[in-house]
S.K.: 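Pasting in a structure now, in structure tokens, and then I'll have a few things to ask.
Here is the naming used below: chain letters follow the sequence lines, and residue numbers restart at 1 for every chain. What you see below is based on every heavy atom in this structure, not just the backbone, and it leaves out hydrogens, waters and symmetry mates.
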Protein chains: 2
Amino acid sequence: MKASSGSGRVTLTDVARRAGVSHATASRALNGSARNVRSEYRDRVLAAAAELGYVANTAAQAVARGRGEHLALLVNGINDDYFSPIASAVLRAAEADDRMVTMISSRNSPQQATRVVSSLRAQRPRAVILAGGRSVTTGVWDRRLSDELGAYQDEGGRVVAISEEGLPFDTVAVGNRAAGFDLASELADLGYREFTVLAGPPDARTAYDRVQGFRAALAERGLAVPESRVIHCDFDRDGGYAAAGEYLRRRNPAQLVFAISDTVAVGAIARFREAALDLPGDVAVAGIDDVPALRDVSPALTTVRLPWSEVGRAALDLAVEQTGTEPRVIRMRGHVVLRESTPPAGPAPD
Amino acid sequence: MKASSGSGRVTLTDVARRAGVSHATASRALNGSARNVRSEYRDRVLAAAAELGYVANTAAQAVARGRGEHLALLVNGINDDYFSPIASAVLRAAEADDRMVTMISSRNSPQQATRVVSSLRAQRPRAVILAGGRSVTTGVWDRRLSDELGAYQDEGGRVVAISEEGLPFDTVAVGNRAAGFDLASELADLGYREFTVLAGPPDARTAYDRVQGFRAALAERGLAVPESRVIHCDFDRDGGYAAAGEYLRRRNPAQLVFAISDTVAVGAIARFREAALDLPGDVAVAGIDDVPALRDVSPALTTVRLPWSEVGRAALDLAVEQTGTEPRVIRMRGHVVLRESTPPAGPAPD
DNA sequence: TTGTAGGCGTTATCAC
DNA sequence: GTGATAACGCCTACAA
């Protein structure tokens, strides 16, 4: 039944020989596109392959076809605590499609990124997906990286960017600006008027867009966030913790603290709790992302759920679909989830 | 400088031609092992490669050499909320080594797993790492999967298993039993005497080992967990939530609820909070894993930190090191982290 | 040290 | 439909 007996690998030639046909026929029966093989032969080949435990060599296929079938996923760092929801969404979509994905991290560095894309290029994947997202600073997209990706495209590869708009590639845009906008709208509707923003790094596009959207919605209502109430910080839990400390230090309390992400919000909450603040009594808190691992924080966090699964799905479709056309951009929008951390507020602050 | 000009891919032959040497020399200068190439030629080749933007085709290399340089990582599912700490540890180690990793999920199913290993085999990676871990049921390791992995080994590939002991491969064992043992020891020292165990699935090896260790430590002290206080559940947050509900229903309160993982513990805590229990006043809670995203739950969770980074490192070393010897096994042990959720307890329960 | 030639496992082009 | 035969891009004896 299973002949893992011999120590060597089984090749197509072996299968062909055993089936009494040529390599060509065996190839066609097993992996070929045109299904022009007499069923008798086809069966013999399939049987032989099964008996020998034959497994096609994708590397050889890749060199013969000029390109592999797998996808490459470029993330910009692998944290211990959370895995980029974007990356895991892409992985899940790929799983559903039975696609292999090779992951590689750019280590948050443009220099490394070009090196890394170069070695991605070496793999000749069908497409590379840029799962940039949260911590990507605008600076990462320097000239060389673009060149490298351009070269890859020239070679016939597809590039799909997630959440990084403005790149000359197919892109799936998550509505970062919209997320901020919708959140601010709902909060204003709840009666909030005075906000402090934990704004993330000044050069992080994602963070910037979220803050922009937030402010735009407020502006429509004649509200605003003065610069004195914008606190920049790292795009993670500790950044939120530190920023919350700064907030306390400034002694300029707001009704609500808007953190550009749930992780930042959680750090802030931890800090507030240390300061014995009552949440949401003393201050309300809201984030963006709706990270599942944080469902059980208390108070339950108001946030904006981003449609990561759909984003992953869309990215995969873009990566696989054969379109020689212009860069396409798919736009997605999250939705606000109101929870305990932002109860309805009185019409005016103290 | 950079000639991404032409739309075709640049091959070794192109580089050789431009440098005025043979394929062979170019190959040796760029990727070869023996450094037997006159420095003048070498420089010319390197220059030509740079000018042309040459990137070696790993697929072709893999065909020629018989095996690729990348690693394959088999996980058993990709969750939205957290990414297996094992997988991310392996990824980080690979990143440090500049190794590419192709990820694939077995989808928690033995049938799928064999299929999946088969397609892994097709990629001819240098090694495949089994990042099984938490949700692997013993049943997953059925005959066919082993056969498939065996065949892969026969072909010259290396297999490294993480946290799944007893397999005929190199393995990095995390001390699951030890984790349970150490935790129970510390808790007993704190004065706890009566425990309920949220034990995870009956057929999950990891969970089983943790419970075993827990009981063993208690036994040494003349303590025990009666079967009536063992509650099986899914190995995730919702499992913990449900199990905690069952605990409440049984009206058989214990001093401490031991959940076989932090995620389970968090679900339980959520349920307890809904029931308006005071934690840790009414009941203490402890878990295992020390998942970073859960650092800020309240009360802060007593747990066992497992050395995932070291595990990942070790797995990578095993995967890369050339040892034709017997299956090696590296054993690692975590350490207990006592926090608010398990304050010192009085010597006797009520 | 360098180049020539053959081979790695598949696919693709053509005659048959 | 099927089977030689030539790519595919690279590596590696082997010979020079």
S.K.: Answer yes or no: is there an ion pair linking B:Arg9 with A:Asp154, defined by an N-O contact shorter than 4.0 Å?
M.R.: no

S.K.: Would you say that B:Thr171 contacts B:Val160 through its side chain, given a criterion of any heavy-atom pair below 4.5 Å between the two side chains?
M.R.: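 Heavy-atom side-chain distance check fails, nothing below 4.5 Å.
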
S.K.: Of the listed nucleotides (D:dT5, D:dC10, D:dG3), which one gets closest to any side-chain atom of B:Ala60?
M.R.: D:dC10

S.K.: Rounded to whole Å, please give me the gap between CZ in B:Arg17 and P in C:dT4.
M.R.: 13 Å

S.K.: Reckon B:Gln61 has a side-chain N or O less than 4.0 Å from the OP1 or OP2 of D:dC10?
M.R.: no

S.K.: Under 3.5 Å, is there a donor-acceptor pair linking the side chains of B:Ser309 and B:Arg92?
M.R.: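 Yes, B:Arg92 and B:Ser309 have a side-chain donor paired with an acceptor closer than 3.5 Å.
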
S.K.: Applying a 4.0 Å non-hydrogen cut-off, can you work out what A:Ala56 is touching in the nucleic acid: base, sugar-phosphate, or nothing?
M.R.: sugar-phosphate

S.K.: Between A:Thr58 and B:Gln123, is there a side-chain donor-acceptor contact under 3.5 Å, judged purely by atom types and distance?
M.R.: yes

S.K.: Counting side-chain heavy atoms from CB outward, which of D:dT12, C:dT11, C:dG9 is closest to B:Ser27?
M.R.: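 Between D:dT12, C:dT11, C:dG9, the one nearest the side chain of B:Ser27 would be D:dT12.
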
S.K.: So which nucleotide from D:dC8, D:dG3, D:dC11 ends up closest to the side chain of A:Ala24?
M.R.: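 Within the option list, the nearest is D:dG3.
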
S.K.: On DNA chain C, compare the nucleotides closest to B:His23 and B:Ala64; which residue's is nearer the 5' end?
M.R.: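 Counting from the 5' end, the first nearest nucleotide belongs to B:His23.
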
S.K.: Measure from the side-chain heavy atoms of A:Asn31 and tell me the nearest of C:dG7, C:dT2, C:dT11.
M.R.: C:dT11

S.K.: Just how far, in rounded Å, is P of C:dC8 from CG of B:Asn57?
M.R.: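 Nearest whole value for this atom pair: 18 Å.
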
S.K.: Where the side chain of A:Arg38 is concerned, which of D:dG1, C:dT11, C:dT2 is the nearest nucleotide?
M.R.: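 Nearest to the side-chain atoms of A:Arg38, counting from C-beta on, is D:dG1.
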
S.K.: So if I take every side-chain heavy atom of A:Ser22 and compare against D:dC10, D:dA4, C:dT2, which nucleotide ends up nearest?
M.R.: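 From the listed options, D:dA4 comes nearest.
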
S.K.: Using a distance-only criterion (donor-acceptor N/O pair, under 3.5 Å, no hydrogens), is the base of C:dG3 paired with the side chain of B:Arg28?
M.R.: yes

S.K.: Which nucleotide, D:dC10, C:dT10, C:dG3, lies nearest any side-chain atom of B:Thr11?
M.R.: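 Closest of the options to the side chain of B:Thr11: D:dC10.
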
S.K.: Would you say A:Glu148 and A:Thr114 are linked by a side-chain donor-acceptor pair, where the criterion is simply a distance under 3.5 Å?
M.R.: no

S.K.: Using whole Å, report how far CD of A:Glu155 lies from P of D:dG9.
M.R.: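 Answer to the nearest Å: 11 Å.
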
